Engineer: 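The structure follows.
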Amino acid sequence: MKRRTVIPFGPQHVVFPEPIQFRLILEEERVVDAIPALGYMHRGIEQLATVKDFTKTLYLAERICGICSVMHTLAYAQAIEELMGIEVPPRAKYLRTIWAELGRLQSHLLWMGLAADAIGYESLFMQTWRAREVVLEMIEFTEGSRIMTGSITIGGTKRDLHAESLEFLLHKLEHLEQALNDIYPVFSDDPLIKQRTVGVGLLSKADAIKLGAVGPTARGSGIAEDMRLLGYAAYGELDFQPVVETSCDSYGRMLVRVKECFQSIELIRKAIAKLPPGEVLVKVKGRPEGEVIMRIEQPRGELLYYLKAGGDKSLARWRIRTPTLSNLPPLVHMVKGARLADVPLITLSIDTCIACVER
Amino acid sequence: MSYPAGLGIILATFLLAPVVGGLLTGLERKVIARLQGRVGPPLTQPFYDLVKLWHKRPQAANRIQIVYVYAHLFFMVTSLLAFLLGQDLLLILFIFSFATVALILGGLSVDSPYSRIGSQREIIQLVTYEPILVLLVIAYYQVTGSFMVSQARSLEQPLLFTLPLVLISFLPVFIIKVRKSPFDLATQLHEPHQELVKGIITEYSGPYLALIELASWYELVFLLALVSLFWATNWVGGLLLAAIFFFAVTVIDNITPRVTYSWMVKFVWKVGLGLAVVNVAWLYLWK
Amino acid sequence: MLTNVRLISKDDLLETVQELARDNYRLLSITATEIAGGFDLIYHFAQGMTMLNLRFSIGYEQEVPSITPFYFCAFVPENELKDFHGIKIANLPINYRQLFILSELTPVKTPLAPRAAAASGTEVLPE
Amino acid sequence: MAWVSSARKRSPWLLHYETGGCNGCAIEFVAALTPLYDLERFGMLNTGNPKHADILVVTGCVNARSGRVLRNLYEQMSEPKVVVAVGVCACTGGIFHDGYNLAPGADKVVPVDLYLPNCAARPEAIIDALLTAADLLAETRRRDQHAHQRAPDQQG
């Protein structure tokens with residue numbers, strides 16, 4: 001029998017800033033087994049929601065994850081609105097769409113940078129994060145803060161966009177598109193990047209269904225599923241098609257994300273063009289009662305909320321199923337048999353967000 | 001060589017080489033930062049790092065590790081010294097490899113998986129580039145008729161004109177030795193983004209890391225001196241050649257991702273070794 | 001709202017899930033809620049954009065069969081059920097023994113099932 | 001010696017550990033390394049290896065499992081060392097402070113020298129905090145070992 005080495009991969013590791021531990025069992029440099037160990041970020045949000053006021057839980061939802069904070073507030077607000085039967089003004093729906101897409105842009109750019117970093121491509125990492133700063137500038141200008149914006153609330157949005165803000169957005173989007181046009185060919189054509197990603201971390205379509213892959217991971221394996229097609233917020237009125245790649249490897253998943261950046265830019269432009277006038281916030285009275293399931297497309301995939309409220313001040317149950325949790329079994333499947341040098345990239349290729357997983 | 005000149009070279013090796021090596025490292029970090037659109041650290045940054053590391057509280061996993069660090073530095077300084085004194089090239093490269101072996105043994109002496117796997121990769125790197133160095137020595141002997149480094153200065157035309165392909169095949173060796181992307185498999189000194197944390201030097205800290213850093217400066221100067229051997233007839237030419245090499249490596253580092261070791265072995269043996277063999281064969285058949 | 005719910009009994013679970021697996025449904029998640037005297041379990045499935053929820057209730061002491069033979073990925077939510085609610089799952093292949101997300105240092109056992117906390121007697125092994 | 005402390009001030013190497021929380025501060029810390037903010041111009045490197053680092057940057061709230069890792073990392077760093085708690089979660093536990101799994105603040109596990117309460121901390125604030133930490137590093141202090149408080153795993 002070959003000699004086996006056990007490498008503790010994480011929880012503190014430079015490649016990804018988040019703590020997850022993989023105990024990798026190696027034969028020489030090939031991984032024969034990977035055991036994920038979670039729990040380094042568990043905060044007990046589901047339990048906190050059962051003791052806090054349901055309006056304050058909104059802020060808790062925002063702090064499930066700092067990267068997709070907008071998505072969590074959006075999902076939570078929509079779920080509560082559905083429970084209480086509130087109709088959100090159309091302008092607020094469009095604003096929510098714009099912010100959600102900005103959030104997706106910054107998340108995808110962040111991921112692209114980390115992926116470049118994982119394969120040791122310093123320069124590309126810096127260039128993508130430089131482009132990301134443009135998005136953060138837009139977010140800060142329109143929402144008031146870089147990460148925790150608090151701009152979406154139950155019943156609408158807290159802020160409105162004026163004509164000059166929209167002009168600023170359009171202007172910056174052009175900058176961003178230029179930067180992305182420079183970055184895109186590097187990701188799609190660079191021979192050394194291809195050498196590191198093509199055929200690495202294979203996940204066939206059948207496996208993706210069986211193991212419950214969602215989001216870009218599933219779309220990289222040829223499954224055309226995008227929760228935005230459900231038509232929540234203003235997505236029903238904006239025409240778009242999900243980005244699908246059929247190469248089933250890290251390269252495919254990478255391309256899905258890069259292409260989705262362009263798609264997001266298009267969606268924001270369409271939303272700005274169609275933005276209806278009117279109010280952005282309706283008054284909310286009463287307490288939620290009943291059960292609801294909310295599915296939303298996060299940058300990382302499908303987010304599933306199950307809310308149960310009994311007419312009390314706080315919720316009876318708030319079940320958060322985040323995309324990364326669903327993508328963990330495919331990840332374990334992909335890591336088995338990979339080379340040690342490819343493990344960081346494969347782990348990143350599902351866009352792990354441990355803060356979401358552990359709540 | 002006269003006695004005072006030899007003494008001068010010894011002094012220069014001990015005093016000037018680390019200064020030059022440190023400044024070059026600082027320059028390289030600055031250039032990389034500029035290529036990435038950043039301001040970058042000051043030119044003297046490596047010296048601050050060295051002083052700071054030297055004054056941290058020493059922590060070592062075991063005693064033998066410390067011995068290997070000193071051995072690494074000693075062999076590195078010796079190889080540079082022997083080179084500047086115009087000694088036998090074969091011997092010099094032998095000592096140079098021994099410096100690497102000392103580092104590998106140090107990495108293997110601790111019970112850390114990162115350090116162990118880093119050492120294994122360093123061994124693979126050693127195996128990868130060593131044949132090219134041997135061919136370099138053979139080609140050198142064919143042209144000059146001697147193994148002595150001092151012989152290169154008395155040639156009529158620079159070595160570059162007879163050994164152009166050998167110089168090109170030396171480029172991957174240079175990249176491997178200075179631990180730059182795409183061949184930064186075993187460790188990196190200033191870029192932390194690695195699946196093995198720091199690879200072979202993970203378990204060194206404080207003053208011992210400072211010694212490794214110092215050795216890497218000597219190494220850089222030695223490798224650049226080896227490059228300048230290809231234009232040893234004229235010191236301007238040698239300096240120019242070394243400068244071109246230095247900037248080429250810095251740029252390549254910036255525009256390539258890290259590759260896997262199997263790809264590295266294939267590439268270096270196919271392209272690097274191939275070019276060197278062609279050059280040597282050409283010398284045999286036509287000269 | 002919660003739509004497309006199919007009420008089943010605990011004994012029908014494996015059979016129903018097998019049918020769904022044959023029809024290429026995806027498993028989204030499993031949700032448990034503590035109700036009086038036991039738990040309310042919902043298995044969320046989806047085919048494309050449409051969801052299907054299987055629902056049944058169990059008592060505190062009752063055991064639920066694992067659906068990992070049909071959906072391997074079910075080990076993640078099933079371990080969560082063990083962690084947060086202390087629900088007993090039979091034949092779980094990857095069993096973290098209530099240490100999936102919670103650690104042995106966590107002062108509270110089964111935080112989402114406060115009423116059942118006292119009843120939970122599962123052995124907690126050190127890491 | 002003056003030149004030693006000057007070197008320490010100009011070359012602090014960082015170790016970042018995200019103990020929990022929402023990643024917001026962690027991402028802002030990484031953003032501080034990138035071209036717009038560029039921490040490296042102050043000589044700071046993100047090493048990722050506790051044995052090489054001088055400043056431990058803690059982001060996020062400390063929970064039962066990560067507290068032990070944090071403690072372990074802190075003990076692997078050699079003196080002199082400084083700990084910076086970035087973000088309100090690392091300072092007090094923030095919005096999650098009454099969670100069942102948390103220690104209210106990183107200072108319950110390791111001695112913290114600098115607090116940066118913010119949600120989420122901006123890169124400018126992080127740079128400011130790190131520069132202040134570098135100044136602290138220059139004053140070669142030996143910290144009282146008794147000041148170490150007990151880790152949550154040692155609490156009853």
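No experiment lies behind these values; they were computed from the predicted model shown. The sequence lines fix the lettering, A, B, ..., with proteins before strands; numbering per chain opens at 1. Both backbone and side-chain heavy atoms feed into the values below; hydrogens, waters and symmetry mates do not.
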Engineer: Mark yes or no for whether B:K52, through its side chain, and D:S11, through its backbone, hold a donor-acceptor pair below 3.5 Å.
Structural biologist: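 Yes; judged by distance alone, with no hydrogens or angles, the pair exists.
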
Engineer: Identify the heavy atoms of B:G37 and D:P35 that sit nearest to each other, and give their distance.
Structural biologist: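 Heavy atoms of B:G37 and D:P35 come nearest at O-CB, 3.7 Å.
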
Engineer: Under the criterion side chain to side chain contact (heavy atoms under 4.5 Å, CB included), which of B:R38, B:Q45, B:K30 is the partner of D:E40?
Structural biologist: B:R38

Engineer: Quick one: closest heavy-atom pair of B:E213 and D:W13, and the distance?
Structural biologist: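 Between these two residues, the closest heavy atoms are OE1-CH2, 4.5 Å.
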
Engineer: Is any NZ, NE, NH1 or NH2 atom of the basic residue among D:D54 and B:K56 found under 4.0 Å from an Asp or Glu carboxylate oxygen of the other?
Structural biologist: yes

Engineer: Testing D:R8, D:K9, D:R10 one by one against B:Y48 for a side-chain hydrogen bond (donor to acceptor under 3.5 Å, both in side chains), which residue passes?
Structural biologist: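 So, applying the side-chain hydrogen bond (donor to acceptor under 3.5 Å, both in side chains) to B:Y48 and each of D:R8, D:K9, D:R10, only D:R10 qualifies.
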
Engineer: What part of D:M44 is in contact with chain B, defined as an atom under 4.5 angstrom from a non-hydrogen atom: side chain, backbone, both or neither?
Structural biologist: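 When you check distances to chain B, no heavy atom of D:M44 falls under 4.5 Å.
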
Engineer: Just wondering, more than 12 heavy atoms not from D:Y100 lying within 6.0 Å of its OH?
Structural biologist: yes

Engineer: Under 4.5 Å heavy-atom distance to chain D, tell me which part of B:L50 shows up: side chain, backbone, both or neither.
Structural biologist: neither

Engineer: Please report the closest heavy-atom contact between B:S205 and D:K51, naming both atoms and the distance.
Structural biologist: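 Of all heavy-atom pairs spanning B:S205 and D:K51, the closest is CB-O, 3.0 Å.
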
Engineer: Would the distance check show the side chain of D:D38 and the main-chain N or O of B:V39 forming a donor-acceptor pair, the cut-off being under 3.5 Å?
Structural biologist: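 Checking the backbone N and O of B:V39 against the side chain of D:D38, a donor-acceptor pair under 3.5 Å is found.
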
Engineer: Taking atom CZ of D:F42 as the centre, report whether more than 12 heavy atoms of other residues, nucleotides or ligands fall under 6.0 Å from it.
Structural biologist: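 Yes, CZ of D:F42 has more than 12 neighbouring heavy atoms, counting only those of other groups under 6.0 Å.
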
